[in-house]
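One structure below.
It should be emphasised that the depicted structure is a prediction, and the values quoted were computed from it without experimental measurement. Order of the sequence lines fixes the chain letters, A, B, ..., with proteins taken first and strands second; residue numbering starts at 1 for each chain.
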Amino acid sequence: MRTIALFTGVIICGLSVGAYAATEVIHQQGRVFSSESISVKKGEAVTFLNDDTVPHNIMSASKGNEFNLGSQAPGTSTDVSFKEAGDVQVICAIHPRMKMMVKVTN
Amino acid sequence: MPVRGSYRSTAFLATIASAGLCVLGFSTIGFGAAVVGESRKVEITQKATGGLDALKAQYRRPTTIPFPKDDPYTPEKAALGKKLYFDTRLSVSSAQSCASCHSPGFGWGDGLAVGVGHGMAKLGRHSPTIVNAAWSAIFMWDGRLPTLEEQALGPIQSPGEMNMKLDDLLARLSSISEYKPLFDAAFPGEGMKAKTLAQAIATYERTVVSERAPFDAWIDGNEKAIPEDAKRGFAVFNGKAQCAACHEGWNFTNEGFQDIGLPSKDVGRGEYLPGVIKMQHAFKTPGLREIGRRSPYMHDGSLATLEQVIDHYDHAGVDRPSRSDLMRPLELTAQEKADLVAFLKTLTSELSPTAVPVLPR
Ligand SMILES: [Cu+2]
């Protein structure tokens with residue numbers, strides 16, 4: 001339920017900011033990502049926001065789009081943009097249940 | 001008793017899929033292809049916690065066991081799996097079974113600091129319990145196996161453990177005439193093979209669930225079920241000591257990996273994620289059910305009592321770059337430590353005895 005609520009929140013937020021909101025925000029409350037899968041354009045930023053109570057490690061080993069945020073403290077956010085089109089599996093190395101797909105399009 | 005099917009088997013499969021990705025292929029990657037911006041502080045409005053009742057609701061026991069869609073529960077499969085689990089002929093020496101290291105007598109562990117493998121040689125790590133493995137997202141202390149089915153075959157084949165080649169094992173089981181009809185009944189049209197052997201053992205293991213403990217009666221509303229010091233301990237567990245940051249939910253684990261600062265050379269999960277500093281010396285957070293029967297504690301079995309475990313967390317262990325950011329000196333009082341121990345003791349049930357199965361001949 002919380003996931004759905006947060007996801008809805010992200011959509012509403014995006015709409016209200018209007019056409020200039022090129023940035024997707026992924027929340028991390030309750031050891032889950034707020035979306036299981038999102039779609040972004042190549043070069044467009046995704047904001048990973050740790051609004052949880054514990055540190056997370058957000059990373060991807062997907063070819064061409066590897067990144068690793070190290071230990072992301074609660075109350076911090078980091079923007080990530082992707083260079084290559086394709087499916088990017090994003091995980092938290094600390095919490096194996098945290099995983100999502102970012103579809104990067106041309 | 002297990003319930004057929006699963007309300008969450010889809011989630012379970014998704015977990016397996018991603019855990020698979022996770023285990024494969026991380027050892028050779030370089031980072032930095034995506035463009036990562038600066039981290040910045042963000043104002044977060046933490047939602048109200050909702051008090052003790054809301055907190056207790058997070059610890060309510062599930063009513064069914066999750067079984068994966070591709071290995072659903074059947075009584076025939078679980079019964080066959082139980083025979084295999086207790087059968088010492090699964091090891092090359094015919095002296096060790098799964099139950100040797102994961103024994104019902106020791107809370108489904110072995111009561112030793114580190115396991116004992118083939119030829120009585122000591123293993124590198126403490127034998128973890130299999131209690132509540134049905135809810136696990138990832139297996140082994142270092143998370144190297146993504147499913148319970150794969151886990152079942154791991155120790156059988158490992159040279160240091162049961163040291164049994166699968167082909168040899170299938171030949172041996174085929175020579176035991178009473179096994180064939182059991183496999184045929186459990187796996188119609190499939191019979192005996194490595195896959196069904198693994199599925200039977202995993203299915204049995206999923207039925208090994210911690211029983212109702214005093215804590216569960218308290219969660220369900222019986223205020224007299226646990227003593228007052230345990231209730232205070234529950235508050236410390238969720239508050240000052242921050243234990244619940246990792247030991248969360250009814251099974252007291254989020255399946256996560258943390259370096260908790262034990263002075264051991266073992267890099268744990270770091271072997272599979274060499275590029276991730278926080279995974280060096282990181283091990284899977286174990287659940288705490290039946291904890292009173294599971295000493296000694298930690299991945300290396302280095303701490304003998306719950307009091308020592310709490311002292312370790314209080315001191316925060318070895319400070320090194322990989323150590324979890326959650327590990328910091330807690331400055332717990334003697335009373336708080338005693339209350340935590342009192343609370344942990346309420347997580348142990350009066351486990352009913354497990355009947356050892358009559359084995360096929
Ligand atoms: Cu995480």
### Task
Might you work through the side-chain contact (heavy atoms from CB on, under 4.5 Å) test for A:Leu69 and B:Val36, ending with a clear yes or no?
CA-CA 8 Å; A:Leu69 302 187; B:Val36 177; 3.4 Å; yes
### Task
Begin from the C-alpha positions of A:Thr47 and B:Arg40 and carry the test side-chain contact (heavy atoms from CB on, under 4.5 Å) through to its verdict.
CA-CA 11 Å; A:Thr47 299; B:Arg40 50 187 186 273; 3.7 Å; yes
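In this structure, the portion of B:Lys278 lying under 4.5 Å from any heavy atom of chain A is its side chain and not its backbone. With a 4.5 angstrom heavy-atom cutoff, B:Glu255 touches chain A via backbone and side-chain atoms both. B:Ala282 does not touch chain A: none of its heavy atoms, backbone or side chain, sits under 4.5 Å away.
Atom NZ of B:Lys240 sits in a crowded spot, with more than 12 heavy atoms from other residues, nucleotides or ligands closer than 6.0 Å. Heavy-atom neighbours of B:Leu332 CG from other residues, nucleotides or ligands within 6.0 Å: above the threshold of 12.
The distance from the CD1 atom of A:Ile94 to the CG atom of B:Leu326 is 8.0 Å, given to the nearest 0.5 Å. In this structure, B:Thr285 OG1 and A:His95 NE2 are separated by 7.5 Å, a value rounded to the nearest 0.5 Å.
Heavy atoms only, all atoms of each residue included: B:Gly256 and A:Pro96 are closest at CA-CD, 3.7 Å. Minimum interatomic distance between B:Gln242 and A:Thr53 (heavy atoms only, all atoms of both residues): NE2-O, 4.3 Å. Residues A:Arg97 and B:Ser136 come closest through the heavy atom pair NH2-C, 4.3 Å. Taking every heavy atom of both residues into account, A:Ala93 and B:Phe257 meet most closely at O-CD1, 4.0 Å. Across A:Asn68 and B:Gly275, no two heavy atoms sit closer than the pair ND2-O, 3.6 Å.
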